[in-house]
Protein chains: 2
Amino acid sequence: MTDPYSIGLDFGTNSIRCLIVRTRDGAEIATAVSTYEHGEGGILLDSKDPNLARQHPEDYETGARIAVTEALKQASGVEGFSPDKVIGVGVDTTGSTPLPVDADGVPLAYQDRFKDNLSAMAWLWKDHTSFAEAAAITERAGKEHPEYLAKCGGVYSSEWYFSKVWHCLKTDPEVFDAAAAWVEMADWIPGFLVGDTKPENLKIGVCAAGHKAMFNEDWGGFPARDFLAGLDPKLGKLRDKLPDRAYAVDTAAGTLCKKWAQDLGLPEGIPVAVGAFDAHLGAVGSGIRPGVLVKILGTSSCDMVVAPGNQGLVDIPGICGIVKGSILPGYYGLEAGQSAAGDVFNWLVNEIAPGGLDAGSHKALTAEAEKLKPGQSGLLALDWNNGNRCVLVDPRVTGLLVGQTLHTQPTEIYRTLVESTAFGARVILERFEEYGVSASEIVNCGGIAEKNPFVMQIYADITGRPMKISRSGQTCALGAAMCGAVVAGKEKGGFSDFAEAAQAMSGLKEIVFEPIPQNQKVYNRLFKLYKDLHDAFGTRDWNGNLYHVMKELLEIRDETRG
Amino acid sequence: MTDPYSIGLDFGTNSIRCLIVRTRDGAEIATAVSTYEHGEGGILLDSKDPNLARQHPEDYETGARIAVTEALKQASGVEGFSPDKVIGVGVDTTGSTPLPVDADGVPLAYQDRFKDNLSAMAWLWKDHTSFAEAAAITERAGKEHPEYLAKCGGVYSSEWYFSKVWHCLKTDPEVFDAAAAWVEMADWIPGFLVGDTKPENLKIGVCAAGHKAMFNEDWGGFPARDFLAGLDPKLGKLRDKLPDRAYAVDTAAGTLCKKWAQDLGLPEGIPVAVGAFDAHLGAVGSGIRPGVLVKILGTSSCDMVVAPGNQGLVDIPGICGIVKGSILPGYYGLEAGQSAAGDVFNWLVNEIAPGGLDAGSHKALTAEAEKLKPGQSGLLALDWNNGNRCVLVDPRVTGLLVGQTLHTQPTEIYRTLVESTAFGARVILERFEEYGVSASEIVNCGGIAEKNPFVMQIYADITGRPMKISRSGQTCALGAAMCGAVVAGKEKGGFSDFAEAAQAMSGLKEIVFEPIPQNQKVYNRLFKLYKDLHDAFGTRDWNGNLYHVMKELLEIRDETRG
């Protein structure tokens with residue numbers, strides 16, 4: 001046996017996972033997880049500011065060492081495996097998670113003077129301190145460069161690169177001025193693995209640049225200098241240092257350097273792929289291709305599709321991001337999603353806790369809710385408890401439940417909340433297809449897809465499509481390993497492209513959830529009502545609408561809370 | 001001391017209460033309750049039909065004996081009291097609760113051949129077996145006699161007299177044919193107390209006849225013979241036996257007969273007032289007069305007002321009942337109400353049971369909900385979990401909750417549900433005033449008014465009016481006792497009219513819940529939003545409305561349940 005192997009490194013919010021995969025058949029022979037050491041579950045918090053969420057970049061290095069070492073130890077017992085058979089490494093991370101670095105690409109966090117300064121850390125994706133800057137960027141882009149916003153759903157987010165960098169500039173100029181550059185975690189990690197984090201030498205990924213920093217070939221890469229300088233002159237100077245090119249994940253960021261090869265126990269010189277975000281490589285690991293929508297379904301959802309890149313793609317209103325090469329090289333990568341999916345039913349279980357903790361567990365509620373027929377409860381909900389990411393792109397909307405009587409039971413509400421997220425998913429699906437992007441096959445991955453047949457059946461019935469499940473339980477890390485196998489190339493036992501890699505390494509579980517015709521009939525009627533509520537509460541132009549209701553409730557709430 | 005006393009007999013759904021009141025000052029010197037013996041909590045049920053609810057008329061007789069005897073025993077220890085000082089008796093009952101009787105007014109239920117026949121029992125107010133007949137009556141009246149419906153909110157109910165009688169005719173003709181007449185419990189009880197239940201001798205109350213059997217002086221009493229005969233020829237014959245006159249509660253049905261005087265231990269010959277419904281005499285016991293709205297607030301609400309009877313009163317759309325003399329003689333009695341009030345928050349506590357039974361008790365939820373400021377939760381609800389009695393008169397609407405996030409807590413929902421019922425109350429209040437019926441003062445009675453300052457304060461803040469509380473905890477029985485004192489007359493130590501009786505016997509608690517201006521401001525904003533939802537989901541003519549949503553959800557539900 002001389003099978004080659006590839007390694008996927010999946011840097012999540014709380015931990016890093018290392019997955020060792022046999023390239024021939026995608027067998028996952030070893031996996032290990034290491035939780036970050038700093039902060040609470042790897043997150044640095046500020047008791048004075050609930051919006052703040054940072055990470056110490058040292059955790060990425062330490063975590064990689066621990067997870068890879070542990071995975072190799074596991075794999076050492078697998079017949080035919082030895083570390084020298086690893087032909088490539090791929091990396092996926094959270095994002096946008098930018099960190100300030102010096103001229104050598106060393107994090108400012110490593111300097112003594114900044115070691116306790118939260119501004120000098122990595123600004124985790126879910127850090128929301130920069131909401132004011134996000135609003136200002138959205139406003140200015142709307143006036144001067146609406147095309148920037150058109151590719152990212154119409155609103156620039158507080159979670160994204162320029163909002164965060166600008167917020168640091170305004171609130172901690174010492175850190176900002178000390179930084180030679182701000183680099184995405186997705187770019188910095190491959191950088192240290194190949195032994196060169198110098199900002200000007202980094203091969204940055206188009207996934208992070210395109211989805212979070214308005215990078216687009218059509219307008220020459222990152223946003224125009226004038227635009228950024230108009231926000232703040234120092235942002236104009238930062239623009240001068242940003243690279244002109246960004247790469248898809250079929251490009252090697254470089255080869256594993258001697259130091260890291262020794263640290264990890266892997267062969268020196270094997271290629272390390274350019275980094276990308278977890279959701280995008282999760283789609284890769286699920287075998288995404290034109291016509292396949294990959295749904296990463298957990299607390300929230302990401303709906304990923306690709307469209308041929310050799311023809312122009314019209315902007316699709318309400319879709320979060322459209323970036324060429326962000327998922328598969330040569331294809332437009334489209335990212336949509338719901339700001340809450342599992343979190344909506346988690347809310348019922350955890351916050352409302354109907355009947356107490358035992359009676360109100362997911363398991364107990366599911367057992368009863370499964371017995372209900374579609375429509376039987378008379379209930380309908382809007383799944384907007386965490387706002388609406390797609391297609392309304394509106395964080396200022398809220399949940400709604402209608403149809404309750406004096407006899408309405410928690411299990412009925414539970415099922416209705418699950419259904420509401422499926423109706424939300426159908427709205428996204430229909431939006432894609434309305435604009436000519438095919439999604440005839442749906443492959444699900446993530447916690448809910450893995451474990452929850454009840455939810456999957458409802459999704460099949462409501463969308464009217466078979467729900468397939470990705471074979472791997474760790475599709476993000478698998479996608480990263482596929483990147484490692486592609487950058488290694490066919491000659492080394494890898495693949496010449498992602499179609500080949502997907503053919504060999506990814507796959508589906510046997511079970512497929514087929515739509516049940518009589519359920520579909522009822523759900524089609526309910527979906528019409530869902531759309532009526534959706535449009536009445538969520539859009540401005542619905543005739544005689546209720547668009548103001550949720551907005552005003554939030555205004556009153558915010559004023560009252562002071 | 002030679003103070004006179006009056007007795008109120010309050011026949012409720014599960015029990016009868018006897019209250020002995022000193023007429024001089026309304027002192028309630030003794031009270032006793034007797035639970036009916038038959039069925040479950042006094043209600044005869046049918047395991048095959050959840051709509052069925054009957055009572056055995058014997059329970060009214062037995063219950064009266066037990067409760068009066070027990071109350072007199074209690075009162076015997078009160079200085080100055082002796083049974084011979086009782087000057088009159090008043091009676092209130094549930095309704096519409098008609099029972100079939102023979103030519104002497106003896107219930108068919110007392111005959112051997114019918115003793116186990118549920119059709120021969122008293123058809124309790126909440127018996128809903130007759131929904132088909134109710135719909136047919138509504139339809140025919142809508143075409144031929146819209147004026148009949150205008151006085152009872154536009155819809156003839158399955159709970160009412162003619163629906164029930166007709167249902168018996170259709171489903172158990174043997175009982176129907178055996179009945180010489182069908183009499184309301186409110187009329188039959190005074191009948192047996194005065195020793196004459198012969199249908200043609202009964203002095204029937206205008207309260208039951210007017211509110212439940214379309215009796216109105218303007219069209220000569222009960223509905224036209226032709227109309228009833230059009231439903232069924234036998235109903236036309238029934239019409240021939242119905243009396244032409246109906247009386248207010250200042251009329252004596254007769255005087256206490258020898259047999260019952262002996263049975264009860266009361267003086268023979270004291271007057272017994274014509275009977276009326278509990279809500280109406282509850283209003284009397286709360287000192288109702290023009291300008292005062294009496295709110296009986298429990299699981300549901302009754303909102304009672306009176307308007308001068310010497311001038312015509314236009315029909316008020318959406319008000320359940322308008323009957324001259326049904327509350328106070330000489331005044332229009334107007335009855336509105338909400339089909340659920342306390343039941344809406346009971347639903348959260350009993351059916352959803354957030355956090356389990358302890359955490360989700362009324363007490364625990366109130367303790368936390370009290371700390372919230374108006375508007376702080378961002379939530380808003382429609383209080384229609386049991387349909388909407390006023391002003392939409394629509395049982396086919398349902399509850400709605402909007403504004404929930406992933407952090408929404410049960411206490412926030414609890415407060416919102418309480419607020420929703422107060423908004424519903426405000427809609428009724430404004431409807432009265434829009435049509436010129438003044439309700440500048442609000443007096444509350446019933447369980448919630450007695451025990452729940454949290455709810456009372458919210459009602460004050462949302463309606464913008466001081467909430468006063470009736471002094472008596474048993475206003476229905478007190479109202480009945482006031483009737484006893486009025487029919488006894490001034491000469492015997494009673495009163496010449498209800499204004500005098502109210503002055504002496506009724507009163508308010510010291511505590512008044514005053515609206516808090518800053519709460520009112522927020523609630524006025526929320527009420528506008530409530531009205532938007534109310535009109536969008538509840539009315540046909542709202543521009544671009546959502547009127548169909550709740551209806552279709554119920555249709556789908558009913559079809560699915562089969």
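Worth saying up front: this structure is predicted, and the values here are computed from it rather than measured. Computation of the quantities below employed the complete heavy-atom set of this structure, encompassing side-chain atoms and omitting hydrogens, waters and symmetry-equivalent molecules. Per chain, numbering begins at 1; letters A, B, ... match sequence-line order.
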Over all heavy atoms of both residues, which pair between [X] and [Y] is shortest? Give the atoms and the distance, please.
| X | Y | result |
| --- | --- | --- |
| A:K373 | B:T560 | NZ-O, 3.2 Å |
| B:E552 | A:L529 | OE1-CD2, 3.4 Å |
| A:I352 | B:T408 | CD1-O, 3.8 Å |
| A:G375 | B:I556 | CA-CG2, 3.8 Å |

Using a 4.5 angstrom heavy-atom cutoff, name the option from [options] with the most pairs to chain B.
| options | value |
| --- | --- |
| A:L406, A:D343, A:L380 | A:L406 |
| A:P410, A:A381, A:P374 | A:P410 |
| A:V397, A:L553, A:N385 | A:N385 |

For the atom pair [atom1] ([X]) and [atom2] ([Y]), what is the distance rounded to the nearest 0.5 Å?
| X | Y | atom1 | atom2 | value |
| --- | --- | --- | --- | --- |
| B:R525 | A:E559 | CZ | CD | 4.5 Å |
| B:Q404 | A:N386 | CD | CG | 12.5 Å |
| A:L533 | B:F537 | CG | CZ | 5.0 Å |
| A:H407 | B:W347 | NE2 | CH2 | 12.0 Å |
| A:E412 | B:E351 | CD | CD | 9.5 Å |
| A:R557 | B:L526 | CZ | CG | 13.0 Å |

Chi angles and distances behind the side-chain contact (heavy atoms from CB on, under 4.5 Å) call for A:L546, B:V402: CA-CA 12 Å; A:L546 295 169; B:V402 60; over 6 Å; no
task: Measure distances from B:I413 to the heavy atoms of chain A and classify the residue's part below 4.5 Å as side chain, backbone, both or neither.
output: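 Side chain of B:I413 only, per the 4.5 Å heavy-atom cut-off to chain A.
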